[in-house]
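Everything quoted here is computed from the prediction, not taken from an experiment. Ligands are counted one by one from 1 in listed order, and the atoms in each one are counted from 1 as well.
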Amino acid sequence: MKVDGRPMRPLWPAPQRDAVFVIDQRALPHGLQVERLATVAEVHTAIRDMWVRGAPLIGATAAYGLALRLARDAGDGAMEDAAALLRQARPTAVNLAWALDRMLRRLRPLPVAARAADAWDEADAIAEDDVTTNAAIGRHGLPLLQAIAARRPGPVQVLTHCNAGWLATVDWGTATSPIYQAHAAGLPLHVWIDETRPRNQGASLTAWELGQAGVPHTLVADNAGGHLMQRGQVDIVIVGCDRVTARGDVCNKIGTYLKALAARDNGVPFYVAMPTSTLDLALHDGLAEVPIEERSPREVTHVAGRDAAGAVVEVLLTAEGTTAANPAFDVTPARLVSGLVTEHGVVASEQGALRRLMEPRS
Ligand code: MRU
């Protein structure tokens with residue numbers, strides 16, 4: 001996608017294969033800051049502290065982190081230690097483990113001397129596959145929006161939560177990919193963006209992204225979605241996901257479940273954009289089995305923004321000493337999901353459909 005009209009990705013490898021560049025998403029939307037990560041420790045920090053975030057992007061970034069480690073030491077010990085370090089950088093999005101497992105499957109059988117070059121090749125392949133996957137999600141999601149547009153005049157009203165945009169992937173985004181493709185095809189649409197407390201990925205990232213792309217949008221407080229749906233102002237909800245279980249339970253950014261409940265009560269279709277790299281067939285009951293990241297209470301008690309002088313400052317929202325809790329994800333049961341928009345098409349959020357989705361393709 002583009003920033004100020006110039007093509008950009010949130011992650012790109014240095015041509016010398018000695019570093020990876022990332023947009024530091026903590027600085028958006030007030031500044032576009034690029035960081036150079038040259039060691040596995042730096043990559044681990046960037047994922048843990050959310051310079052990069054979003055399920056597919058943390059997977060691709062971790063793959064480069066492992067490749068950077070192997071460039072210095074490609075022995076079994078160094079490789080396994082680096083993979084273990086990266087794997088626990090964030091617990092919920094399964095793409096992190098998925099990408100590392102894909103790397104290890106290719107690298108473990110190789111002689112040590114061959115590993116560094118292959119590791120970089122595989123990280124490149126993971127990143128490029130993500131772009132292809134997300135473009136396909138957009139192609140499969142587009143007819144959902146076209147069908148709404150065909151039913152009635154006026155822009156298609158989409159609601160999304162958090163940031164499942166190009167900043168959360170290597171390009172296109174997942175939930176935003178159908179939106180970008182509809183916009184490019186000239187289909188009138190408007191996006192309601194949940195601010196997504198406490199880290200405000202909707203306010204600071206999705207609104208910035210859609211603004212850069214010229215997609216009409218309106219930012220709303222997290223609590224507004226149900227009201228908008230009751231008034232008929234939302235045609236479809238499309239969100240991303242961090243882990244989907246074998247029976248179709250969807251783990252995504254905290255607050256997603258409430259939107260799914262409101263959508264069900266108001267007859268609004270609730271779709272989840274899911275690259276198959278986010279499917280975890282090893283888990284079944286999302287509520288009981290998906291590890292939910294608990295982040296710092298400071299993300300709830302404090303908020304950052306730009307002051308009148310242009311400086312980015314953090315302020316305390318609460319009384320000193322207020323106790324806060326910060327579960328970062330929730331689980332939407334499969335029964336509330338209208339469908340999963342994958343790179344292979346739209347499928348039902350149920351076990352049989354997901355098993356068939358993962359069968360080898362001819
Ligand atoms: O905590 P974050 O910002 O990494 O959470 C991101 C989300 O929950 C996204 O919706 C999800 O990763 C899908 S990204 C295509």
Check the side chains of T174 and N134 for a donor-acceptor pair under 3.5 angstrom, ignoring hydrogens and angles.
no

Where ligand 1 meets A168 - atom numbers and elements under 4.0 angstrom, heavy-atom basis
14 (S), 15 (C)

Find out whether I292 and C251 are in side-chain contact, i.e. whether some heavy atom of one side chain is under 4.5 Å from a heavy atom of the other.
yes

Stepwise salt bridge (Lys or Arg N to Asp or Glu O under 4.0 Å) test for K2 and D4:
CA-CA 6 Å; K2 290 182 177 160; D4 298 333; over 6 Å; no

Nearest protein heavy-atom contact for atom 13 (C) of ligand 1: which residue, which atom, what distance?
C241 O, 3.3 Å

Would you mind running through ligand 1 and noting each atom that sits below 4.0 Å from a heavy atom of K253?
1 (O), 2 (P), 5 (O), 8 (O)

Tell me the closest heavy-atom pair linking G165 and T176, and the distance in Å.
CA-OG1, 3.1 Å

Would you please determine whether C162 falls within less than 4.0 Å of ligand 1 on a heavy-atom basis?
yes

Atoms of ligand 1, numbered as shown, that sit under 4.0 Å from any heavy atom of R90
1 (O), 2 (P), 4 (O)

Note the single closest protein heavy atom to atom 15 (C) of ligand 1, along with its residue, its atom name and the distance in Å.
T174 OG1, 3.1 Å

Which of the numbered atoms in ligand 1 are under 4.0 angstrom from any heavy atom belonging to P56?
14 (S), 15 (C)

Checking the side chain of W192 only, and the main-chain atoms of Q233 only, is there a donor and an acceptor separated by less than 3.5 Å?
yes

Element-labelled atoms of ligand 1 that are located less than 4.0 Å from some non-hydrogen atom of M50:
1 (O), 2 (P), 3 (O)

Atom 9 (C) of ligand 1 [closest protein heavy-atom partner, distance rounded to 0.1 Å]:
N252 OD1, 3.5 Å

Which atoms of ligand 1 are found less than 4.0 Å from any heavy atom of Q201?
1 (O), 2 (P), 3 (O)

If you measure from each non-hydrogen atom of N163 to ligand 1, which part falls under 4.0 Å: side chain, backbone, both or neither?
backbone

For residues E314 and H302, is any side-chain donor paired with an opposing acceptor at under 3.5 Å?
no

Does the side chain of D118 come within less than 4.5 Å of R106's, by heavy atoms?
yes

What residue and atom, counting heavy atoms only, is the protein's closest point to atom 11 (C) of ligand 1, and at what distance?
D242 OD1, 3.2 Å

Sequence neighbours excluded, every pair satisfying ring-ring contact (aromatic ring centres under 6.0 Å, His included) that has a member inside residues 81-125:
Y64-W120

Please answer whether the main-chain N or O of L86 pairs with a side-chain N or O of R90 as donor and acceptor at a distance below 3.5 Å.
no

Run the side-chain hydrogen bond (donor to acceptor under 3.5 Å, both in side chains) test against S277 and tell me which residues pass, sequence neighbours left out.
N95

With atoms numbered from 1 as shown, which atoms in ligand 1 lie under 4.0 angstrom from a non-hydrogen atom of G54?
4 (O), 12 (O)

Note: ligand 1 atoms sitting under 4.0 Å from heavy atoms of A55 are 12 (O), 14 (S)

Which residue and non-hydrogen atom of the protein lie closest to atom 6 (C) of ligand 1, and at what distance in Å?
R53 NH2, 3.5 Å

